[in-house]
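Just so you know, these numbers use all the heavy atoms, side chains as well, and skip hydrogens, waters and symmetry mates. Each ligand, and each atom within it, is numbered from 1 in the order the structure gives. In what follows, residues are counted from 1 in the order of the sequence shown.
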Amino acid sequence: MTTFEIDPGRLFIGGQWREAADGARTEVVDPSRGAVVTTVAEAGAADVDAAVRAAREAFDSGRWSGLSGRERGRILYRVAELIRENADEIARLESLDVGKPITLAHAVDVTNAANDYEYFASLAYTLDGAQRETPLNALAYTRRGPLGVVAAITPFNFPLILAGSKIAPALAAGNTVVHKPADETPLSALYMAGLLQRAGVPDGVVNVVTGSGPVAGEALLRHPGVDKIAFTGSTAIGRHAASVAGENLKPVTMELGGNAAHIVFEDADLEKAVGAVIKGFVFNTGQFCMGGPRLLVARPVYATLLNILADAVPGVPVGDPRKPETVIGPMAAERHLRKVEEYVAIARKDGGRVVCGGERIELDGGYYYQPTVIADLPNDSRAVQEEIFGPVLTVQAFDTEDEAVALANSTPYGLASGVQTGDLARAHRVADRLQAGIVWVNDWAMLDPAVPFGGVKDSGFGREYGPEALAAYTKVKSVVVSLD
Ligand code: NAP
């Protein structure tokens, strides 16, 4: 064990820190060294039950749902302030836990988390209904209210942001929450539990149960006291979660896997496009659901672009996430590194030409992989069709706009997509035809809490961010008052 110890590293239930009922604990590994840095409590079904009961009691008491949206908004603004005041500590935790470069953790994770709480604080002021005109002799109006207890289940890659993208709108709408973070990356969730309490979120309104998916996650999914499931993770687990929710008739939002295409037309500004292409596949060490790992290039500029990538990509700084200049850190866990190695082997077997990279990096015992570009793969290769979730870019050529769109839409996923072109009409035309929840034109990963994102096809359903997200944590009631 190294020096780091999160205090208290226990479950947060009903405003109290406590050990798991059976005393179980689980190890947290620093992926930049492959070393255990601390342990946290590992929840079992009894702990999840206690957390849901605490959330239910808090909801039914009205100490959160009974506040006005404005009062809840004020507390959520305070959360945003506290995140900014503690930015260094939160970035350090996120970097340690996930292996994120510290610069990225600051600029993206912490900044966005604060922005998200602030955005949903402002939306808390807007929760209202509408009067409806009808031929009835009646006054008909709608009211919008919270759903109750929200189960938030989040993945390993953006622990802070993806927890906030659920907890902030859920709280803005007046719900209470039980959050289960990924077992590999639980630290910022625990930190945020304490921070939310300091900001004035009443006890029991947010509960955090660290633990494994098959035990704590499953217990939460199936708990009859849960009113909504907000899930972000892989398509495989999402499919399972959606089927359990279906059995129990619980509303769900599903933010699932992605495998986005990034299309570069011959009329694009290539220099600018290359920056976006590299950002698209190395961002967060490629562990980005909305990354752009499939590059589709118009044949007239295919060789040129490959040459530029071959020159530029090996120069992207890989290494110790604590160094401010690092752009690519380690993979978040050894199993993710092994998965990347397996996919690169598949790509080689399928005839892919490794333009650069293609090997793991031995450094400090961490889980590092070279940024890798692989050209000339057939479209049916699993390395093209499936989600690699590492710093690997596959590159394919196309001849026509129709072919580019067909290739882009040819995987089961539909989370994000991107177009590089100098032709405005083409940008809109192609954006319209791409099967994706978000399309970026002439850049990548432009994200803001006001802009909804989410998937189509196997990337899920429902939207996070924007007023759409707030609506997903509310229910509408109609009141019709006879005027006779
Ligand atoms: P994952 O394996 O599906 O896990 C996601 C969450 O589900 C974790 O908290 C996991 O717990 C939990 N879980 C596992 N089995 C469960 C069960 N039976 N019941 C309830 N919960 C269960 O995903 P991941 O590997 O952490 O994350 C990577 C995936 O997430 C990628 O596919 C990526 O594209 C996707 N993702 C999507 C978005 C989006 O917005 N669409 C954003 C980020 C990531 P454990 O960690 O303990 O297994």
Engineer: At a non-hydrogen distance cut-off of under 4.0 Å, which region of Ala241 contacts ligand 1 (side chain, backbone, both, or neither)?
Structural biologist: neither
Engineer: Has the side chain of Tyr77 got a donor or acceptor atom that lies under 3.5 Å from a matching backbone atom of Tyr119?
Structural biologist: no
Engineer: Between Leu415 and ligand 1, does any nitrogen or oxygen pair lie at a separation below 3.5 Å?
Structural biologist: no
Engineer: Do Arg53 and Asp49 meet the salt-bridge criterion of a basic N to acidic O distance under 4.0 Å?
Structural biologist: yes
Engineer: To the nearest 0.1 Å, how far is atom 24 (P) of ligand 1 from its closest protein heavy atom, and which atom is that?
Structural biologist: Phe156 CD2, 3.6 Å
Engineer: Does Gly211 have a non-hydrogen atom less than 4.0 Å from ligand 1?
Structural biologist: yes
Engineer: Please list the nearest protein heavy atom to atom 20 (C) of ligand 1 with its residue and the distance rounded to 0.1 Å.
Structural biologist: Gly217 C, 3.2 Å
Engineer: Looking at non-hydrogen atoms alone, which of Thr154, Asn259, Thr235, Thr26 comes nearest to atom 6 (C) of ligand 1?
Structural biologist: Thr154
Engineer: Could you tell me whether ligand 1 has any atom less than 4.0 Å away from a heavy atom of Phe453?
Structural biologist: yes
Engineer: Give the C-alpha distance, both sets of side-chain angles, the deciding distance and a yes or no for side chain to side chain donor-acceptor pair (under 3.5 Å) between Asp183 and Thr26.
Structural biologist: CA-CA 8 Å; Asp183 61 351; Thr26 184; 5.7 Å; no
Engineer: Which residue supplies the protein heavy atom nearest to atom 41 (N) of ligand 1, what is that atom called, and how far is it?
Structural biologist: Leu256 O, 2.8 Å
Engineer: If you take the nearest heavy atom of each of Ile237, Asn284, Thr232, which one is closest to atom 5 (C) of ligand 1?
Structural biologist: Thr232
Engineer: What residue and atom, counting heavy atoms only, is the protein's closest point to atom 32 (O) of ligand 1, and at what distance?
Structural biologist: Glu387 OE1, 2.7 Å
Engineer: Is the distance between the ring centroids of Phe281 and His262 less than 6.0 Å?
Structural biologist: no
Engineer: Counting heavy atoms only, which of Gly437, Gly460, Gly233, Pro155 comes nearest to atom 35 (C) of ligand 1?
Structural biologist: Gly233
Engineer: Does the N or O separation between Asp183 and ligand 1 drop below 3.5 Å for any pair?
Structural biologist: yes
Engineer: Is the closest heavy atom of Gly454 to ligand 1 under 4.0 Å?
Structural biologist: no
Engineer: Please classify the Phe288 to ligand 1 contact at 4.0 Å (heavy-atom distances, strictly less than): side chain, backbone, both or neither.
Structural biologist: neither
Engineer: Walk me through it: do Ile438 and Tyr465 pass the test side-chain contact (heavy atoms from CB on, under 4.5 Å)?
Structural biologist: CA-CA 12 Å; Ile438 191 165; Tyr465 296 127; over 6 Å; no
Engineer: Could you check which of Ala332, Cys289, Ser459, Ala152 puts a non-hydrogen atom nearest to atom 39 (C) of ligand 1?
Structural biologist: Cys289
Engineer: For the backbone of Leu434 and the side chain of Asn409, can you confirm whether one donor and one acceptor N or O come within less than 3.5 Å of each other?
Structural biologist: no
Engineer: Check this for me - ligand 1, Phe231, N or O atoms closer than 3.5 angstrom, yes or no?
Structural biologist: no
Engineer: Looking only at atom types and distance, does a side-chain atom of Asp227 sit under 3.5 Å from a main-chain N or O of Val149, one as donor and one as acceptor?
Structural biologist: yes
Engineer: May I ask you to identify, for His240, whether its side chain, its backbone, both or neither come under 4.0 Å of ligand 1 on a heavy-atom basis?
Structural biologist: side chain
Engineer: Can you find an N or O of Lys180 that's nearer than 3.5 Å to an N or O of ligand 1?
Structural biologist: yes
Engineer: Side chains of Asp203 and Gln197: is there a donor and an acceptor less than 3.5 Å apart?
Structural biologist: yes
Engineer: Does the N or O separation between Ser212 and ligand 1 drop below 3.5 Å for any pair?
Structural biologist: no
Engineer: For atom 12 (C) of ligand 1, grab the closest protein heavy atom and report residue, atom and distance to one decimal in Å.
Structural biologist: Ile153 CG2, 3.7 Å
Engineer: Between Leu187 and Val40, is the side-chain contact (heavy atoms from CB on, under 4.5 Å) condition met? List the steps.
Structural biologist: CA-CA 8 Å; Leu187 298 184; Val40 298; 4.1 Å; yes
Engineer: Students should be able to answer this: which protein heavy-atom is nearest to atom 14 (C) of ligand 1, and at what distance?
Structural biologist: Gly213 CA, 3.5 Å
Engineer: Can you see which heavy atom on Pro155 is nearest to which on Gly233, and at what distance?
Structural biologist: CB-CA, 4.2 Å
Engineer: So, does Thr326 use its side chain to make a donor-acceptor pair with the main chain of Asp320 at under 3.5 Å?
Structural biologist: yes
Engineer: State whether Phe231 and Lys180 meet the cation-pi test: NZ (Lys) or CZ (Arg) under 6.0 Å from the six-membered ring centroid, and within 45° of the perpendicular axis.
Structural biologist: no
Engineer: If every non-hydrogen atom of Arg18 is compared with every non-hydrogen atom of Ala41, which pair is closest and at what distance?
Structural biologist: O-CB, 4.5 Å
Engineer: Please confirm whether Phe158 approaches ligand 1 to less than 4.0 Å, judged on its heavy atoms.
Structural biologist: no
Engineer: Can you tell me which residue among Val395, Leu296, Val277 is in a side-chain contact (heavy atoms from CB on, under 4.5 Å) with Val264?
Structural biologist: Val277
Engineer: For Ser234 and ligand 1, does the shortest N/O to N/O distance drop below 3.5 Å?
Structural biologist: yes
Engineer: Among all protein heavy atoms, pick the one closest to atom 18 (N) of ligand 1 and tell me residue, atom and distance.
Structural biologist: Glu218 OE1, 2.7 Å
